[in-house]
Amino acid sequence: MKRAYTNGILLDGTEQMQPEAHKILLTEDDKITAIADEGVDLDGYEVIDLHGGYLCPGLINLHVHLAGNGKPSAKPRDNAALVRKILSNGLTRAVAYRLVCSYAKMELLGGVTTIRTVGGIADFDTRCRDDAAAGKLLAPRILAANEGISVPGGHMAGSVAVAAHNNAEALAQLRKASGQKVDLVKLMITGGVLDATEKGTPGELKMKPEMVKAVCDEAHKLGYTVAAHTESPEGVKVALENGVDSIEHGAKMDDETIRLYKERGAFVCTTISPALPYALFDTAVSGASEKDQYNGKIVFDGVVESAKTALANGIPVALGNDVGCPYITQYDFWRELCYFHKYCGVSNQFALYTATLRNAQLAGVGDVTGSIEPGKSADFIVTKHNPLEDLRALQHLELVVCRGHVIKKPNPKRNKTVDALLDPYLE
């Protein structure tokens, strides 16, 4: 199918992108074939009039958990028990897999055309990836890690990560993941906000350095990059010293950490969204304990400071929103761009570039997607207003195109209560 997208204003996704009018985007099947001037012969094309809308690359979310929808719970959940129940029989597994696929679809309806999963249930993420690529379901392009590797008592152990008691068990899980044809490997090196037992201890080191090194060494031999959940300065140093390729979340840096990032050639995947509710919401609203709010503020400040220091020192920065955490839904990745602009001081242009071409490059798919140029995948979105003027324009989409598949007027089902709580933090 040959399509011509006319009467749009192009934003190509590059770092210096500027609105470009009077151009026509031509695609054939799943590829962009040309950017043509107005007046070109469109015989044989299906013409789609964008009515002056802004066409930019589809967003790329580099930190996703497809097993959750972000709906907050009044009571603490035993996620490990829930996963055991899900995997206990064929019926519950089938229902859960369909739910995971529906969450992937919601990412797409929210304008995200590529996701990178960093911890999931069983092999659901790679299955969803393959079914989407085969056209069996509607979902973004997926770079999948399946289950992460944690330790007993470690972050997400038993739910979206497997608890390895020793190096042999960690390497056995790596081999299992490789057999599932994952795209990357995820380690849970430190704890997080909710599994901290005391005030002031979020991001406590859980995984021994020798286990980090053993998994990274073997993963690299197998051709995988390694992403690591790390929310403390100590955890970041252990990760970088032992071969991790991307720090997920991050923490405040000193000169040694900056040096380690550069020596390793690693990047930080900034996730402002998940810590914000714990750090900034009134506890009467969030239900967080004083301890959780205190620790949430430490992590929030650490993530923001990590990104700002990285930007100031030439360390690559990616964006993800840790979707699945409380209040972080599958349709609102656009908020992460707004927070990046607000709390890290970057321009709207740089935020959009980071969430498109830069994310694609750091995820290893920059030759496939992330910018509007001939030869790349037909992955783009159309907004009525200019996101370079106000990133909130990304909330309301006129069109989503992923691998050439066109979705007109996407309308994900929104959680109005969650939206109302988060909207004030965009100002």
Side-chain angles (χ1 to χ4, degrees), residues 1-60 105 107-115 132-141 334 348-349 352-353 355-361 365-412:
M1 170 69 75
K2 296 168 72 174
R3 294 191 175 98
Y5 297 86
T6 66
N7 295 322
I9 301 171
L10 269 58
L11 298 168
D12 65 10
T14 58
E15 187 172 359
Q16 305 303 324
M17 75 180 95
Q18 291 296 328
E20 193 171 9
H22 310 298
K23 295 292 184 181
I24 296 174
L25 185 69
L26 302 179
T27 68
E28 184 169 358
D29 298 327
D30 62 344
K31 291 287 192 294
I32 296 171
T33 55
I35 299 171
D37 294 322
E38 288 180 345
V40 68
D41 181 10
L42 297 180
D43 185 43
Y45 285 85
E46 176 191 352
V47 176
I48 297 179
D49 190 334
L50 302 183
H51 303 288
Y54 289 79
L55 185 154
C56 70
L59 303 180
I60 298 175
K105 179 181 178 180
E107 284 279 335
L108 184 60
L109 296 180
V112 175
T113 54
T114 298
I115 63 173
K136 295 178 181 178
L137 56 89
L138 197 57
R141 175 182 292 97
W334 61 272
N348 290 346
Q349 181 189 55
L352 186 58
Y353 156 69
T356 54
L357 182 57
R358 192 60 170 141
N359 268 4
Q361 292 169 335
V365 291
D367 59 335
V368 175
T369 190
S371 60
I372 305 300
E373 60 181 296
K376 287 200 174 179
S377 182
D379 299 338
F380 50 88
I381 59 178
V382 177
T383 62
K384 189 173 183 179
H385 302 292
N386 185 358
L388 298 188
E389 294 180 356
D390 189 341
L391 290 166
R392 288 174 292 185
L394 298 167
Q395 181 181 10
H396 303 292
L397 303 175
E398 302 294 306
L399 196 73
V400 172
V401 179
C402 183
R403 292 185 278 209
H405 184 91
V406 178
I407 306 167
K408 297 180 179 179
K409 296 289 184 182
N411 187 27

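Note that these values count all heavy atoms, side chains included, but never hydrogens, waters or copies made by symmetry.
Looking at heavy atoms from C-beta onward, Leu388 lies in side-chain contact with Leu352 at the 4.5 angstrom threshold. The closest side-chain heavy-atom distance from Asn386 to Ile9 is not below 4.5 Å. With contacts defined as side-chain heavy-atom distances shorter than 4.5 Å, the pair Leu108/Val400 qualifies. Side-chain contact between Glu15 and Gln349 is absent, with no heavy-atom pair separated by less than 4.5 Å. Side-chain contact between Thr6 and Ile48 is absent, with no heavy atoms from C-beta onward closer than 4.5 Å. Val401 has its side chain out of reach of His405: every pair of non-hydrogen atoms, C-beta onward, lies at least 4.5 Å apart. With contacts defined as side-chain heavy-atom distances shorter than 4.5 Å, the pair Val40/Ile24 qualifies. Proximity of Leu399 to Lys408: side-chain heavy atoms (C-beta onward) are separated by under 4.5 Å at one or more points.
Between Leu397 and Leu394, the shortest heavy-atom distance links the atoms CD2-O, 3.5 Å. Contact record, Gly13 with Pro57: CA-CG, 3.7 Å, taken as the closest heavy-atom pair. Scanning both residues, Ala139 and Ala132, for their nearest heavy atoms gives CB-CB, 3.7 Å. Of all non-hydrogen atoms in Phe380 and Thr113, the two that sit nearest each other are N-CG2, 4.5 Å.
In this model, no donor atom of one side chain and acceptor atom of the other lie less than 3.5 Å apart for Thr14 and Gln16. Side chain to side chain, Arg141 and Ser377 meet the donor-acceptor criterion of an N or O pair below 3.5 Å.
To the nearest 0.5 angstrom, Thr383 atom OG1 is 8.0 Å from Glu398 atom CD. The CD atom of Gln395 lies 10.0 Å from the CG atom of Asp390; values are rounded to the nearest 0.5 Å. Atom-to-atom distance recorded for Thr33:OG1 and Leu25:CG is 7.5 Å, nearest 0.5 angstrom. The structure places CG of Leu138 at 8.0 Å from SG of Cys402, a figure rounded to the nearest 0.5 Å.
Salt bridge annotation for Glu38-Lys23: absent, with no cationic side-chain nitrogen under 4.0 angstrom from a carboxylate oxygen. Using a 4.0 Å cut-off between charged nitrogen and carboxylate oxygen, Lys31 and Glu28 do not count as a salt-bridge pair.
Here the side chain of Asp379 pairs no donor or acceptor atom with the backbone of Thr369 at under 3.5 angstrom. Side-chain N or O atoms of Lys384 include none that pairs as donor or acceptor with a backbone N or O of Tyr54 at under 3.5 Å. Put simply, the side chain of Ser371 never gets that close to the backbone of Glu373: no donor and acceptor are under 3.5 Å apart.
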TODO: Might you work through the side-chain contact (heavy atoms from CB on, under 4.5 Å) test for Asn411 and Leu109, ending with a clear yes or no?
DONE: CA-CA 6 Å; Asn411 187 27; Leu109 296 180; over 6 Å; no
- [ ] Check the pair Thr27 / Tyr5 against side-chain contact (heavy atoms from CB on, under 4.5 Å), numbers first and verdict last.
- [x] CA-CA 8 Å; Thr27 68; Tyr5 297 86; 3.7 Å; yes
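Residue Arg3 forms a side chain to side chain contact (heavy atoms under 4.5 Å, CB included) with just one option from Leu42, Leu26, Val406, Val47, and that option is Val406. Under the side chain to side chain contact (heavy atoms under 4.5 Å, CB included) test applied with Met17, the options Leu357, Ile372, Leu11 reduce to a single match, Leu11.
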